[in-house]
Number of protein chains: 2
Amino acid sequence: MSRRSALLELAILGLLHESPLHGYELRKRLNATLGAFRALSFGTLYPCLRELVTRGWIAENTETTSLPESRTAATGSGSRRARIVYELTADGKDQFQLMLSQTGPAAWEDDTFNVHFAFFARTEADVRLRILEGRRSRLEERLDSFRSSAAQRRERLDHYTTELQRHGLESAEREVRWVTELIETERSTTPATAPTPAPTTAAAVTPPDNHQAT
Amino acid sequence: MSRRSALLELAILGLLHESPLHGYELRKRLNATLGAFRALSFGTLYPCLRELVTRGWIAENTETTSLPESRTAATGSGSRRARIVYELTADGKDQFQLMLSQTGPAAWEDDTFNVHFAFFARTEADVRLRILEGRRSRLEERLDSFRSSAAQRRERLDHYTTELQRHGLESAEREVRWVTELIETERSTTPATAPTPAPTTAAAVTPPDNHQAT
DNA sequence: ACCAGATATATCGAGCCGATATATCTGGGG
DNA sequence: CCCCAGATATATCGGCTCGATATATCTGGT
């Protein structure tokens with residue numbers, strides 16, 4: 001079972017959910033729209049696309065722009081040459097929804113969170129809330145370890161390292177506030193149909209912490 | 001010519017510049033102190049250490065804590081068993097200073113900037129300023145491409161993706177302000193000379209053949 | 001005394017990144 | 001008009017990194 005970066009597979013299926021795309025354009029959107037994949041290599045993308053085809057989740061349509069011998073300068077859309085356009089299949093849509101409903105610890109880590117969040121419009125409300133709360137727990141956990149380790153070696157670091165730590169801490173605190181606002185928005189816009197047994201609002205969110213020590 | 005992640009080599013040399021360390025502790029500091037290397041694998045660290053040894057930049061001292069049959073409970077440092085302690089050599093110090101003076105485009109990218117910044121106390125003032133300005137240019141360049149692409153597809157994105165973009169944009173803007181403040185501080189505190197003092201000896205700035213100290 | 005967990009070093013396969021190759025289309029200059 | 005530079009587009013390869021795993025010692029709890 002080649003894991004093959006389930007995150008990349010999820011991102012590809014999600015982008016193809018909107019419209020069929022060819023590899024080059026897919027890579028650009030992976031870099032731009034999602035927060036991850038800053039410089040995804042074609043040596044990663046194309047093998048992944050091929051595997052998704054063999055699994056039947058996407059289909060490969062060779063774009064035979066039969067454009068005749070004329071230059072077709074009129075069409076500004078510019079179909080340049082035969083491109084391989086990938087399209088989501090029915091099985092691919094099912095798999096995408098299945099992946100979105102997975103709320104494992106992999107959903108709120110640094111790299112994965114942005115991708116999951118970008119597809120929240122197609123994610124169920126309770127899953128959205130669980131991922132946001134997991135993300136906040138993860139951030140606060142890191143904040144705690146940062147602050148405790150900072151207290152230990154007060155005067156050991158020079159000015160620049162201290163400044164680096166301070167900026168990192170501040171960024172993490174800002175993201176906590178951002179996620180908290182998102183959680184409150186989720187709670188106010190969705191009725192209280194929470195399946196979690198936490199009726200009281202003061203239940204301190206009960207984050208779905210990883211009960212499984214990896 | 002195995003480049004072997006010059007960034008990791010720089011970070012190791014920089015951390016060993018302060019005190020000799022063994023692999024396990026080195027990995028913890030790589031995760032905690034620097035911003036990069038969130039989960040560096042031992043399968044990456046140990047081969048890198050071995051190569052640094054073969055290049056003569058660090059030395060491998062098997063810590064034969066001859067600690068007698070007594071428990072040595074007094075020493076809080078706790079030498080548990082024979083550990084391999086790596087120590088920076090004179091050539092390693094030269095190499096570290098050489099790497100720090102490299103102001104290539106590799107110094108202000110996302111991953112590399114934090115590491116270079118963490119060692120600014122041992123970097124010359126003009127190099128510091130060049131790296132900070134390069135970092136700011138890089139961030140503003142990304143901000144421009146973000147904003148222009150956001151203008152193109154105004155109403156195409158859903159609420160969540162828009163929110164993700166907005167948060168990313170805001171974070172980048174905050175980092176630009178942070179870097180700008182750092183640049184102004186550099187300009188005001190270093191009128192012409194005087195590198196920032198290191199806590200120890202002042203011989204830290206480019207010694208050509210200085211083979212002693214520590 | 002025992003077991004769980006932290007400390008510490010080491011190795012291996014799967015798969016990712018960066019460089020590189022190939023080919024077509026577009027735009028600018030001589 | 002042609003050629004070159006650059007963007008578009010697909011593809012491959014080797015070196016290296018990651019995650020899992022193995023081994024061994026020390027510490028702390030019961």
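Being a predicted model, the structure only gives us computed values, none of them experimental. Both backbone and side-chain heavy atoms feed into the values below; hydrogens, waters and symmetry mates do not. Residue numbers begin at 1 in each chain, while the letters A, B, ... track the order of the sequences.
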For this session: Report the residue (B:Leu8 or B:Phe42) whose heavy-atom-nearest nucleotide on DNA chain D is the more 5′ of the two.
Result: B:Leu8
Problem set entry | Touch class at under 4.0 angstrom, heavy-atom based, for B:Gly43 against every strand present | base
Exercise. Quick one: does A:Thr62's side chain have a donor or acceptor within less than 3.5 Å of a partner on A:Ile84's backbone?
Worked result: no
For this session: Five pairs at each end of the helix from C:dA1-D:dT30 to C:dG30-D:dC1: take the axis at both ends and give me the angle between them to 10°.
Result: 30°
Exercise. Contact class for B:Arg27 (heavy atom, under 4.0 Å): base, sugar-phosphate, or nothing?
Worked result: nothing
For this session: Kindly say whether the aromatic ring centers of A:Tyr160 and B:Phe119 come within a distance under 6.0 Å.
Result: no
For this session: Test A:Arg166 against A:Glu170 for salt bridge (charged side-chain N to carboxylate O under 4.0 Å, His left out), laying out the working first.
Result: CA-CA 6 Å; A:Arg166 194 193 60 74; A:Glu170 205 174 83; 3.1 Å; yes
For this session: Ignoring backbone atoms, establish whether A:Ser41 has a side-chain N or O less than 4.0 Å from OP1 or OP2 of C:dC16.
Result: no
Exercise. In chain order, what residues pass the ring-ring contact (aromatic ring centres under 6.0 Å, His included) check against A:Trp178, with sequence neighbours excluded?
Worked result: A:Phe117, B:His167
For this session: Tell me which nucleotide among C:dC17, C:dA8, D:dA11 gets nearest to the side chain of B:Tyr24.
Result: C:dA8
For this session: Report yes or no: is the cationic atom of B:Arg27 (NZ for Lys, CZ for Arg) closer than 6.0 Å to the six-membered ring centre of B:Phe42, at no more than 45° off its axis?
Result: yes
For this session: Taking ring-ring contact (aromatic ring centres under 6.0 Å, His included) as the test, write out the residues that go with A:His22, two or more places apart.
Result: none
